[in-house]
Every structure is written in C-alpha cells, then in structure tokens.
Amino acid sequence: MSHTIRQQLTLALWLLPALASAQTMFRFPASQLADQCGNGGCTVSAYKDYGGRDYACGGVRYSGHTGTDYALVGGFSKMDYGVWAMNAARGYIESNVDGYYDRCNYWNQSNPYAACGLYTANYIIMRHPDNTQTWYWHLKAYTQQFARGTSLDCAYWIARVGSSGASTGPHLHFEYWVPGYGTDDPYAGSCGTPYTRWTSQGAYRGLPGIACQ
Ligand SMILES: [Zn+2]
C-alpha cells in the first residue's frame with residue numbers, strides 16, 4: 001500500500017464517524033420578520049399525513065401530503081408584497097426550477113404538465129452536510145436569488161413564497177428528505193417520528209424557531 005493511499009484511507013476512516021454523527025437541524029424555512037411570517041403572517045395549513053393523522057395525532061393534514069404547508073395569511077396580496085423563503089440549514093442548492101405560472105388557486109389534476117399541475121411548481125432543493133435534503137415548493141416566479149450549485153450558510157433569503165404548481169393558494173411547502181429512505185418529517189410527536197429535526201420545534205400549529213444549528 002502506498003503512503004498516499006494509506007493516508008487517504010486513514011483520513012476517510014477518521015471522517016466517516018464524524019459525518020455520520022452530525023445530524024443537520026433546521027430553523028423555520030421563511031422570514032419571521034414582523035412584515036413577513038412574524039405577527040401571525042403565516043400559519044400551518046397542513047402537516048405531513050400519517051394515514052389520517054398528523055405527527056401530533058391531530059387532523060391538520062390531507063391525504064398523501066408529504067411535507068408541511070406554511071400558508072400566507074394575507075393570501076395573494078401578501079404574496080405580492082413579498083415573503084421570503086429561507087434555507088433552513090447550511091447546504092448547497094442541488095436542484096431548482098423557475099419560470100412557471102405562480103398564481104394558482106387550484107390543483108390541475110387532469111394534466112400534471114400544465115399550469116397548476118403537479119410538475120409545474122417553481123422550487124429549490126437544498127442538500128445539507130449530513131446528506132439530507134430540504135425542499136422548498138410553489139415559489140413565486142423569477143424570485144430565486146442563487147444559482148444551482150451555490151453553497152449557503154444557514155438562513156439566506158432564497159426566493160419568495162408563491163403559488164406555483166399544484167397549489168390552492170400562496171404557501172411554502174417544506175419537505176424533508178433522508179437519503180435511502182425518502183420523505184420524512186422534521187416534527188417529532190406521538191403519531192410521528194421520535195426525534196425532532198428542528199432546532200426548536202415550537203408548539204403544535206405554531207411556527208418552529210429561527211435559531212440556526
Ligand atoms: Zn404541501
């Protein structure tokens with residue numbers, strides 16, 4: 001074994017446990033300033049669905065929902081004013097789509113490729129240091145602030161909340177993905193997962209905290 005390879009293997013063995021143990025934790029994925037989601041400007045309209053219940057055994061979900069919806073209380077006028085979605089943790093922009101119609105008020109179920117269909121949302125997917133992803137869906141068109149591949153520290157204004165794709169009104173669909181597992185839930189509760197992925201989960205139907213990990 002050459003010296004260089006042995007050095008690389010030693011480095012890899014040293015790094016692996018450190019990477020595996022460093023769980024990325026999230027902050028609330030939008031601005032909590034007073035004119036944004038603060039002061040009751042945003043509300044949870046749907047949690048992840050656990051077969052008819054949300055993580056806390058309540059009914060704030062709809063069938064098959066895979067993330068959490070944070071709705072703009074002021075609707076389209078608040079969307080026009082502008083509310084920032086923010087990356088919930090350090091990471092890089094792995095994938096994104098922009099330019100689709102963003103004033104949907106229904107889900108076009110007959111054609112997923114048409115406006116307000118399942119495949120016509122503007123979105124950003126972030127990849128985090130522990131290899132998990134966070135998804136930011138239904139964004140307002142042409143408001144994305146960073147190119148694909150950009151690395152960001154926690155809590156940048158990444159795009160405005162909108163209503164593109166399968167969306168009945170302006171909201172941010174925030175979704176958490178675990179490699180090799182798929183969609184998961186950052187909320188911990190008696191009908192959900194045992195471990196929270198929020199730095200501060202907050203009260204049921206309240207908003208998570210804004211502290212970065
Ligand atoms: Zn949703």
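Ligands are counted one by one from 1 in listed order, and the atoms in each one are counted from 1 as well.
Take the N/O/S atoms of His173: the one nearest the Zn ion (ligand 1) is ND1.
Here His138 does not reach the Zn ion (ligand 1): none of its N/O/S atoms is less than 2.8 Å from the metal. With a cut-off of 2.8 Å, the Zn ion (ligand 1) has no N, O or S atom of Glu175 in range. Residue contact annotation: His171 places no N/O/S atom under 2.8 Å from the Zn ion (ligand 1).
When the options Met126, Gln133, His128 are evaluated for a side-chain contact (heavy atoms from CB on, under 4.5 Å) with Thr24, the one that passes is His128.
Checking Tyr62 against Asp49 by side-chain atom types alone, no donor-acceptor pair falls below 3.5 Å. Remark: the Gln201 side chain and the Thr196 side chain contain an N/O donor-acceptor pair separated by less than 3.5 Å.
Angle OD1 (Asp69) to the Zn ion (ligand 1) to NE2 (His65): 100°, rounded to 10°.
If you look at Tyr187 and Tyr47, their ring centroids are closer than 6.0 Å.
Between Asp185 and Lys48 there is no salt bridge, since no side-chain N of the basic residue sits under 4.0 Å from a carboxylate O of the acidic one.
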